[in-house]
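Notes to accompany the following structure.
Scope of the values below: all heavy atoms of this structure, side chains included, with no hydrogens, waters or symmetry mates. Letters go in sequence order (proteins before strands), and every chain restarts at 1.
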Amino acid sequence: MNMIYRYTLRSLMKNKTRTIVTLVGIVLAIAMITSVTTLMATLQNFMVERAIVSYGDWHGVALNVPEDILVNISQDPRIEKYRLIQNIGYASLEGSKNQYKPYVFLVGFYEDTYDCLNIKLIQGRFPKNANEVIIPEHISYNGGVTMNIGDQLDLSIGYRYIEEQMLWQFNSYEEPPNLESLVKLNDLSFTIVGIMERPSFEEFSAPGYTVITKLSSEEVLLTQDMKNFDVYIKAKQPMEIFNILDTHASMYGHMTNQPLLMYQGSNSNEVYLSVVYGLATILIVLIISGAVLLIYNSFMISLSERAKEFGLLSSVGATKKQLKTIVMLEAITLSSIGIPVGIASGILGMYITLELIGDAFITLTSERLPMHFYMSNRSIIMAAIMGWMTIYLSALIPAKRIYLTPTMNRIQQNQDMKLTKRKVRTHAMVKKVFGFEGEIALKNYKRSQKRYRSTVISLLISVVLFVSASSFGHYIKLSSEQVVQNLDFDLSFHHNGMTVEEAEILLNELNHTPEIQEGTFYQALFMQAIVEREWLNERYVKESNLEEYKGKIGVWVLVVRDEEWLNFISSHEGNTKGVYSDQIAYYDFESRRYVTYTVLDKALSEITVEWFHELEVKDKNTRFQIDVSNHDQWPMGVVAYQQGGLMVMIPQTYAQSLWEMDEIAFSHSRFFFSSSQPTISYEDMKERLIQQGYSSRNLYNASDQLENNKSLLLLINVFSYGFIILISLIAIANVFNTISTNVLLRRQELLMLKAIGMTTKNLKKMMHYECLFYGFKALFYGLPVSLLMSWLIYESIAYRLEIPFSWPIRSMIISIVSIFVVVFVTMMYSRTKVSHSEDYFQYRS
Amino acid sequence: MEILRVENIVKVYGKGINQVRALDGISFSVDKGQFISIMGPSGSGKSTLLHIMGGVDRPTSGKVFVHGKDIYQQNDDRLAIFRRREVGLIYQFYNLIPILDVEENMILPQALDGRQINDDRLNEFMMVLDLEERRHHLPNQLSGGQQQRVSIGRALMNAPAIVLADEPTGNLDRKNSQQIIELLKYSNERYKQTLIVITHDEQVAMQANRMLIIEDGCITKDEVLRK
């Protein structure tokens, strides 16, 4: 074996403690970097999976292409896979209430089409042959046509035309004067076997409700001799899709799957990714600065300890390059153990964490996906590269310093021992308070500032890292808690445009859902309130641009059920017929302030409202007086609308006395339920809603959300505490390393002090005072710097949320206490090592 | 035949009022195979001079010629190569690498040079230096005299043209001192190596062919003791 390599290996083995501490530092740092990069990869993969579930596993689609271009597509080497939907044709939807959607659009799926497009079945099963279909649920709640599983669906299928031009789903319904026509070709009959959610590929402007049947490869349903396909393409390289579509579909309609492309990193300038990368960058910078310091310190120490050896090597003819090789070999040897172990433990840690709490993500998204651990080569390579860079830089800088020192100085090792030449004065007080030992300690400290610098800097950075990491966790937690609201209901459902009668019928039906304990609803109308100009708050006038005031402002009138009203009013003073609130509360991004004010300067006892002029109301009496009193408390579920404003709440009977309630379809109806088993109720209620012709999409399981929020908070807690613990470990390893080395380097001096008559007790005292002095110095600089860091973190994370800056008092106190604990423990450890050493004689040489 | 010539060497340490003139214009030349002893009080500049002659420390001004070539015209790497091929350094405190064993310490300059180790020569040295049984011991397992013998072995293994020794016996008792001097003389005679020894010990100094006395950075006496 090469002498240099042998020398390197042996010096690593010889300084076992230091090698182990350095290795621990490397492993911790790499593990943390790996967990950050793996978490990023996992999150990204989660988003990709989510995009696939929602929008399908394809990058681009060529729309309405004829059969003959399929040959070219099938031969394109850039394409990973492609799947077909056959566009069969349109049939009129009898009884459609949606004037823009008068058709059923029949498409054929092949066996493998489902790979690319995720069809979410709500009830029943998928079609097995060309005699069966599944229908979308919005055909009932949006189109108003109720169909059930098992029903026969007879369709007169044909094509849509304007003059000669054939129209497809992206051509929205053409009303007169360009009236389109449907040319019928075939009468087909199907059995409905399932109900699906509205498929993601059906555009909102599409004129036909998509109905899916199953085709075998050669099947043709229409007699006319043409096939028309949508080709969903997945490219091998996501970004290639634009070129692929250009090649094959430039003459046809085409689209890309933007969400999927975004999460696969093709559009990396998206906000989502910049947020993820931004957070990851903060974390990685914190970790790397801790790690660099530790590893750098370890190398620095081991190199300055061996400065003399380096000098000797150099005096017997080692070149700079050979000295550099020694340092680099050391770095490589440590990396070759530390990096793989670090990566493995980072992956393992992240895997366990995600296995334990990844399911928390199931209900976080409407797709109900769990977050699975995902490891990409890129994330591991990135961690390895960052780790190596950290180690390389940490080794290179001290090595440079060593071989820039002249050989002579290295041999005499007088570089690090430069003492201050000026006279060091210690205050008389010091001697009085701390005694002789204290004075010596202070002199020691003041004279050899340079020797202490590394310790003080290590302590300082440890404080800063700890406080910053805690602040980071604190703000992340606060900002997630903000999103999490405690709601006083388990399930809610909302629907636009419902009369009181319809709402009562639905409530009655939904109240029969198993496990429901209580249910209620309120309905909202947007009206105009007649308000005198001088009543208005000037701020409101200014912010709502009401300089040319026409005497009216918008008002939400909420009508609640009488029971609810009685419940609410019994807990409040007074005998009012209605209540109003005029609070405005919102967060102003520019001033970064939470803004609250009232719309009116005057308290009202009645409000005059009138119908919003667009509303067609049969009743000619359009103005009403509502008796009100001002309230800022509202009953269950009634959360102030968006940014607030003028809101009036009255009970149904009072509303009835004001206008003909039956006639009015409310802008907005919202139902609330409490349930003993929310999940069971939720599933059942979904089916009931579909049967009643409503969309189950607007049903919201708040308890589920609550559970989920709790697990999200747990996840964040695990991450932030895990992060703080690891950073603290790095910091402790660092401080331990620096202090113990410094004491060991002073072995000779300490033994000498003992030799001239210092007792062990005196020595102990002196060293404890030294600890105090540099502990204080580290805190003196460290605390302000960590405050500054906390502020920067606050600025970067929390500025968008209504969170006040909080002083990191707790973490500061913890760091003050732990600084002294760690320093004293290390001192004690090293002192025992010094007093046990018997090689005093050898140290003379 | 001249092997080493020192011309007007000045070495200044520090700046301003802290400035110390360690060497103040020293010149002399040394013939091949000479054994020179250098004496002088502490702080007179002996060690500085020795290091400058060995290519370890650059002078502030002046030139050092070895084989007629100014060694400080070379860059640091060439100078390192010069040290390992042409110079053998011996220190008072042995300065062995503590983690390398006796044999490894001895072959260090050759190993650094990437050269094949001359096993015959190594074995001969082991025998002459009486280190055969200590071959695989670490420095801290050796006595002072043994350690100094290792450092002599290291200095001589490469067959350098010049051997420089800085108080090689300063840390040893009389018996060990004499043994070390005998070894140095032996190599001086056997391999025709030029030997320059700094010493405080007059008995050692008197065994040389020539004696230089340095005071305050200047040569105050240059005496030929024997031809």
Just wondering, more than 12 heavy atoms not from [X] lying within 6.0 Å of its [atom1]?
{"X": "B:D216", "atom1": "CG", "value": "no"}
{"X": "B:E133", "atom1": "CD", "value": "no"}
{"X": "B:K63", "atom1": "NZ", "value": "no"}
{"X": "B:R135", "atom1": "CZ", "value": "yes"}

Which atom names give the shortest non-hydrogen contact between [X] and [Y], and what distance separates them?
{"X": "A:Y7", "Y": "B:I99", "answer": "O-CD1, 3.5 Å"}
{"X": "B:A80", "Y": "A:A318", "answer": "CB-O, 3.6 Å"}
{"X": "B:D77", "Y": "A:K320", "answer": "OD1-N, 3.3 Å"}

Q: With the side chain counted from C-beta on, respond yes when A:L313 and B:L108 share a heavy-atom pair under 4.5 Å apart, and no when they do not.
A: yes

Q: Could you tell me whether the side chain of A:R6 reaches within less than 4.5 Å of the side chain of B:L100, counting heavy atoms only?
A: no

**Q.** Side chain, backbone, both or neither of B:L96 within contact of chain A (heavy atoms, under 4.5 Å)
**A.** backbone

**Q.** Which portion of B:R85 sits near chain A, non-hydrogen atoms under 4.5 angstrom
**A.** neither

Q.
Quick check for you: to the nearest 0.5 Å, what is the distance between A:S315 atom OG and B:R84 atom CZ?
A. 12.5 Å

Q.
Just verifying a value: how many Å separate B:L138 CG and A:K14 NZ, rounded to the nearest 0.5 Å?
A. 7.5 Å

